[in-house]
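Computed from a predicted structure; not experimentally measured. Numbering of ligands and ligand atoms starts at 1, following listing order. Just the heavy atoms: all of them, side chains too, but no hydrogens, waters or symmetry mates, feed the values below.
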Amino acid sequence: MTASIELLTNATADQYRRMVHATVDRIADRVQRVEHPTTYTPAAELRRRVRAVDLDQAPLGTDAALVELDDLFVREAVWFHDPGYLAHLNCPVALPAVAAESVLAAVNPSVDTWDQSRIGTEIERHVIEWVASRIGFTGGDGVFTSGGSQSNLQALLLAREATAAQHAGAQHAAAHHTDAPHTDGHRAQPPLHPVVFATAESHFSVRKSAHVLGLPADAVVDVATDASGRMLPDALATAVARARRAGRTPMAVVATAGTTDRGVIDPLQAIADVCDLEDVWLHVDAAYGCGLLVSPTRRHLLDGIERARSVTADFHKSFFQPVSSSALVVRDPRDLRRASWHADYLNPEDATEPNQVDKSLQTTRRFDALKLWATLRATGADGIGRAFDAVIDLTEATHALVAAQQDLVLVAPTQLSTVLFRFQPEGMSDAEADALVGPLRATLLAEGRVLIAKTVIDGRPCNKLTILDPDTTTTQMQAALAHVVATAEQLARTTSSTGAAR
Ligand SMILES: *Cc1c(COP(=O)(O)O)cnc(C)c1O
């Protein structure tokens with residue numbers, strides 16, 4: 001059997017309508033019946049089912065293929081809106097954004113050159129200008145990206161280009177000053193040894209980006225933090241001075257507004273003071289904390305963010321947007337041009353055409369801005385901000401629940417929505433408690449009822465909840481925690497009876 005490919009065209013519009021309605025009905029039924037964040041189907045079985053499909057086999061036709069997809073994938077999906085989903089920075093998604101996503105799926109726009117997007121370019125620019133104004137940039141600019149990692153990479157690329165240009169300028173001026181002999185008007189420049197200052201709590205994409213940019217492994221310096229994991233501004237000043245003395249060039253300081261594990265915000269004002277004094281590019285990674293930009297009660301936690309030269313914001317974390325939705329925003333629009341590249345077929349002679357492709361590392365690029373646009377028009381910024389506030393309120397309540405549970409230890413405080421804890425009843429050694437952290441997460445995942453994470457804090461493993469559902473109640477959280485504790489007790493009994501943890 002063969003089937004010819006069915007394209008979405010004038011001729012198939014009615015077919016599209018039927019197909020999408022049927023698909024949406026199936027999804028809505030599933031969502032309605034979700035009781036746990038995922039299923040308990042074993043990993044080997046998931047693999048077996050997928051591998052059993054021969055992609056060279058006779059095709060099924062559209063309807064049957066979509067039913068198969070529903071059974072194979074959607075049934076086994078991980079649902080971020082379930083109150084038991086507490087593992088990572090995945091949020092339940094805003095309905096208007098989900099609808100806008102289906103618009104994107106059908107229209108299939110690409111925001112690169114003006115002639116490919118027109119109104120889309122205007123909408124993305126308007127949304128970016130709105131985000132920039134929330135940050136406090138006057139006349140800032142930016143571009144949507146696929147995520148915080150991509151935004152951080154682009155920020156560091158721009159910072160590297162700016163630093164290289166500054167370095168070249170300084171060498172040129174120095175050459176003039178000393179009347180050094182010019183050979184062909186050029187002089188070999190001393191190499192640039194760029195340094196990025198971050199902390200051990202910074203997102204791993206900072207190091208990965210430095211690596212991608214071809215910087216040596218020692219180019220990223222971990223600045224010391226206080227006990228809560230926040231960058232120490234004095235230690236930053238010392239580290240910058242030390243780098244300069246070693247003949248290296250500070251390229252960027254990455255401050256994190258909402259660290260992935262501890263959920264704390266680096267002291268932005270004091271860090272900006274150091275950056276201003278030293279004339280170093282300040283990048284604020286607000287991938288997680290950007291929801292505070294619209295918080296009616298906690299916006300002050302981001303005070304100083306307007307002094308950054310670039311900011312990462314992940315709307316698919318704290319703005320309740322579907323994946324993907326992130327932006328890199330810069331204070332000075334000219335900085336964004338540092339990533340531009342000329343291609344004759346994309347960059348027309350007529351420079352008045354606004355080309356988003358000049359601002360992005362991507363060429364063909366999703367029109368993710370439409371989802372945030374739809375949400376802002378439907379709910380307003382306050383609506384988003386109140387939801388993020390509710391998440392942080394629920395986290396504070398959860399901290400109290402953990403502290404009150406005598407078999408759990410609250411490992412560290414947070415300013416956002418993570419909960420770091422360990423199951424360690426009285427009399428249990430640190431080693432035994434540490435040994436339970438991994439198995440507890442794995443056992444819960446295999447069951448599919450409450451999903452949690454694990455990480456390492458101050459050199460010791462611990463478990464982590466990341467809360468992003470504003471609709472979860474304290475009672476539901478209490479039930480989830482009770483299940484975690486019961487599972488840990490069970491694990492502790494089995495491991496101690498077999499002596500495995502001894
Ligand atoms: C999640 C996160 C990132 C990476 O964002 P992605 O969208 O997953 O690429 C970067 N920085 C911080 C602080 C994060 O929490």
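The ligand atoms of ligand 1 that sit less than 4.0 angstrom from a heavy atom of G148 are 4 (C), 5 (O), 6 (P), 7 (O), 9 (O). Atoms of ligand 1 found under 4.0 Å from any heavy atom of L89 (numbered from 1 in listed order, with element): 15 (O). The distance from ligand 1 to the heavy atoms of K317 drops below 4.0 Å at these ligand atoms: 1 (C), 2 (C), 3 (C), 4 (C), 5 (O), 14 (C), 15 (O). With ligand atoms numbered from 1 in the order given, ligand 1 contributes 13 (C) to contacts under 4.0 Å with heavy atoms of G258. The T260 neighbourhood of ligand 1 comprises atoms 12 (C), 13 (C), 14 (C), 15 (O), with distances under 4.0 Å to a heavy atom of that residue.
Heavy atoms of S326 stay at 4.0 angstrom or farther from ligand 1.
Under the ring pair (Phe, Tyr, Trp, His ring centres under 6.0 Å) criterion, F144 pairs with F315, not counting sequence neighbours.
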**OP:** Would you please test N355 and T113 for side-chain hydrogen bond (donor to acceptor under 3.5 Å, both in side chains) and show each step?
**Re:** CA-CA 5 Å; N355 274 9; T113 56; 5.4 Å; no
**OP:** Any chance you could lay out the side-chain contact (heavy atoms from CB on, under 4.5 Å) test for Q166 and E161, step after step, and finish with the verdict?
**Re:** CA-CA 9 Å; Q166 208 176 18; E161 296 302 295; over 6 Å; no
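Considering backbone and side-chain N/O of T256, none are found under 3.5 Å from N/O of ligand 1.
A donor-acceptor pair under 3.5 Å is formed between the side chain of R422 and the backbone N or O of P461.
Sorted by first and then second residue, the ring pair (Phe, Tyr, Trp, His ring centres under 6.0 Å) pairs with a member in residues 250-293 form an empty list; sequence neighbours excluded.
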